[in-house]
Every structure is written in structure tokens, then in C-alpha cells.
Amino acid sequence: MSVSEGTSAADLTEVLGREGVCVVAGWATNAANLVHAKSMPVARTSAFVTAGAGMSPVHHGYALDGTIQLTPFYDAVGDLRMRLVPEAVRVLPGGLAAGPTHVVTQEGEPDPTAPRHVLTRVVERLGEQDLTALVGHELEFVLVAPDGSALPPGAWTPYGLSAVVDRSALIGELLEAADVAGLGIEQVHAEYGAHQLELSLAPQAPVEAADSVILLKTLIGIITRAHGLAASFSPVPFAGAVGNGAHQHLSLRSGGVNLLDDPPATLHQETAHGPTPTGGQAIAGILDGLLGAQAVLTGSILSGPRLRPGMWSGATLCWGTENREAAVRYLRAGPANPHGANIEIKVVDTSANPYLATAVLLGLALDGIEHELPLPPEIVRDTGRLDDAARAEAGLSLVLDDQETILDAFAGSVAERVLGEHAAAALLAVRLHEVTAFADLDAEQLCERLRLRWSI
Ligand code: GLU
Ligand code: MG
């Protein structure tokens, strides 16, 4: 179904009815990256768009163990309205349609804790500087049994054709459903963890790109169920095994010029094509504020164990052209890269709220530009193979991998400012709770407990 910009509520009801939709779901995400929803019969779509559905503000405080963590900004009193965003509603299989909601107060003001609103605000700030961004998400997940237990290892080959053959029916149905929902899937492949697949989404404007992640996860939930399976979006589905990344490709443009592509730039390597000076400042801003932003990008109790060198999770705090061990991988323009030069933020994992993660990354980039931060030298060696001594000798360090340290680093950070006090408080409330809530579990128990926690 294609619903265009400015779609009215009445048009939407008609289109959905024609497509055989019975139920319309509208979602709102929270800082623990849980996806909440209210649904209405299709005949009530208009009311969903205009009056919205009621939602308690404590939905922001739901933590991974199902408890509610309050902040000074919300409690059990009061109500929010979830207003369906008509142009973003998509038809999914089984008579279902789904889309994001604008979460507003009863007076109709944007809810300052709502992640989609936080990102919208950052996009507006970029616009004030004549900047636009595109974001392309990658989504990794591990196929498991419906109860979360591991599938038999079988003949899984990392990046193997066999995996695609094994799962061709599931992949085919997923791509078809994605097509119907208007999602641009660019690529699908078997990752290097057993039964781990990855789908990459085409670049879109930041808010729409994050909407696409939620839609794609919903589709993955629908199609895996139909195949008697489930999908784990945990940063570490199985203790000791390779993790699930949620890498984000970003590019920034000003007046039609891609700031990450300066064809004659030979600053950092022999070959031409590097970031423009302003693009370099944006990368510098991301690196400079990255540790403080990890509470958003890698803030869950299972985020740290994923960030080990050698796992391609971007655990080294540096940037480098095509460097899979760098927190920020630079992809230069050229025939091999049809979308143009961009940076891939590899540290981000699947426990991160995609709206908040993009918001802080763009906020850091903006901060780097505003402060004209100098771009550090690029690192093109495989830092995943350095031991501690060699890393120190090279003047490099790893990103943080301990949840309490990560949450401490958020205090006073640029990321905290980008979120604003309401969303920052909600993030800390749900994440700090994880530190004590799961303290009694060993690594295996923790992975098992949270394996399906971020699945839809
Ligand atoms: N699974 C890796 C991660 O945790 C990423 C592998 C890759 O796509 O480079 O981020
Ligand atoms: Mg991957």
C-alpha cells in the first residue's frame, strides 16, 4: 500500500478497508527499546488519527523485567494520547496495518519523553543549520525456537549460501511482505553467528528510517511465527557467541552537497575521497561524544558483552575507511557505493531505541560541526587483533563495556543534552534498574532471560 504525505484520516480508512485490513495498530517506543501499541478496528482509523488512543505516561518506565520505573516527570496520574501518523501506516499480512504515533499530552503538546519526538527535534535543529540527514539501518537477528531455545546447529556457514537456501521460503515471504509495506530492503544475508540473518534498509530521512526499523521488526515477528520460529534481537542472544548489531549508516547534506564526500581529499590516506572539513567535524563530534552516548547506543545490561574486539562490533574508539573494528566505519563514494559516502556507526546494538540512537548520533555530529572539532587521524589497521599493550602503544582505546560505567558517562554528556531532561531521566530509570534487577543471574541465565525481550 502506498499512502502519501498529507494522507487524510478519511483517505486512510478507505485505503485500509480496500486492502482488507481489520485492525490498525499504532506504536510508541520507550527508552528500554520496548515497543508498545494501541489498536483499533479499521472503522475507527479516523478517531485514531485525530483524537488518538489513551496511553499511561508510565509506559516510558517499563523496564526489561516488566516493572515500572518512575521519574520525577511521570507517574500513574495523567494520560497521553497516541495519535496515529496517517502517512506512515503500512499494510502488514493477516489483516493488520501498523504505524507510528505522535505521542502528545491531553492538551496536544508533544510528549517530551517520546523518542520519536526527541528525534524530530534533532532533525529540526539540523534543518536550522541547513543540514539534512539520511539514515540506513542494518538489522541483525538470530532465529530461535518459539520458546527461545537454540536451533540445532545444522550446516550453518557464516555468510553461507546454504543458509539462504535453508531459509529461502522465510526470506522470500519476508521480502514480499516488506515490498507490500513499502519497505526498501537492500540486502539480506547470513551473518557469522549460527542462524543469524541480517536485513539492510535503504537510506531514508531519520524519523522515517527509524519507523522502518519498527515495521521491519514487526514483519520479522509475523513471518518467523508463521514458520514456527522466533527471532532474537538481543545484543547477545547466547552467552559467548557473536552479538546482534543495529548499525546505522548516516550521511549529512548541506545545499545538496554530501558533507562526507570530498573527492580531492587526500588528507588521511593515499586514495582520493574523504570527508569534507565539515563532514570531518561531524565525525569528530560523534567520536568525541561517543562514550557519553553509549547509555543510548549500547546501554543495556547485555550491551557490554557484545563489545569485544574481533567481533566486528566497532569496539575500538576510532574511525577508519572500511574498518569493521572501528566504532565509526567510513565508506567513501564510488561505484561500489551507490548511495554515496557515509559513515556506519557500528557500536549501536539491537537494545538501543532506534529513534533515540539516531537522535544522539545526529546531535553529536551537530555538536562537532558547531564546535569545529578536529578530526582525529583515521585508523585503517585491524585493531581487533591488537592486545592491550599494542593498543595502548598505538594510542587507541576501546569503547566502554560495563553498564554502570556506561550509565555514569552519560551524566553531563552531549547525548544527555540531546535527549533533554525528560527522555534522559526515562532512559536512566529503565537502564539503572537493569544493573540490580538481573544481578543474581550468570551470563547464560541473563542471555536466556532476555533473549526474546526485544522481539515483536
Ligand atoms: N554481528 C556484529 C555486531 O555485533 C556485526 C557483524 C558485521 O556485520 O560486521 O555488530
Ligand atoms: Mg552485519
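In what follows, residues are counted from 1 in the order of the sequence shown. Counting convention: from 1, in listed order, for ligands and their atoms alike. All values derive from a computational prediction rather than experimental measurement.
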What about [X]: any of its N or O atoms under 3.5 Å from an N or O on ligand 1?
X: G243; value: yes
X: R306; value: yes
X: Y159; value: no
X: E140; value: yes

Nearest-0.5 Å distance, CG of residue L139 to CG of residue L199:
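It is 7.0 Å, given to the nearest 0.5 Å.
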How about D387: does its CG atom have over 12 heavy atoms from other parts shown lying under 6.0 Å from it?
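Atom CG in D387 is packed in, count exceeds 12.
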Measuring from atom 10 (O) of ligand 1, which candidate in M311, H247, K346 has the nearest non-hydrogen atom?
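Nearest option to atom 10 (O) of ligand 1, by heavy atoms: H247.
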Testing I301, T67, L428 one by one against H433 for a side-chain contact (heavy atoms from CB on, under 4.5 Å), which residue passes?
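The passing option is T67.
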Residue [X] atom name (nearest to the Mg ion (ligand 2); N/O/S):
X: E198; value: OE1
X: E140; value: OE2
X: E191; value: OE2

Is the closest basic N to carboxylate O distance between R449 and D65 below 4.0 Å?
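D65 and R449: not salt-bridged.
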Pair R121 + E124, salt bridge at N-O below 4.0 Å
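Here R121 does not pair with E124 in a salt bridge, since their nearest N and O are not under 4.0 Å apart.
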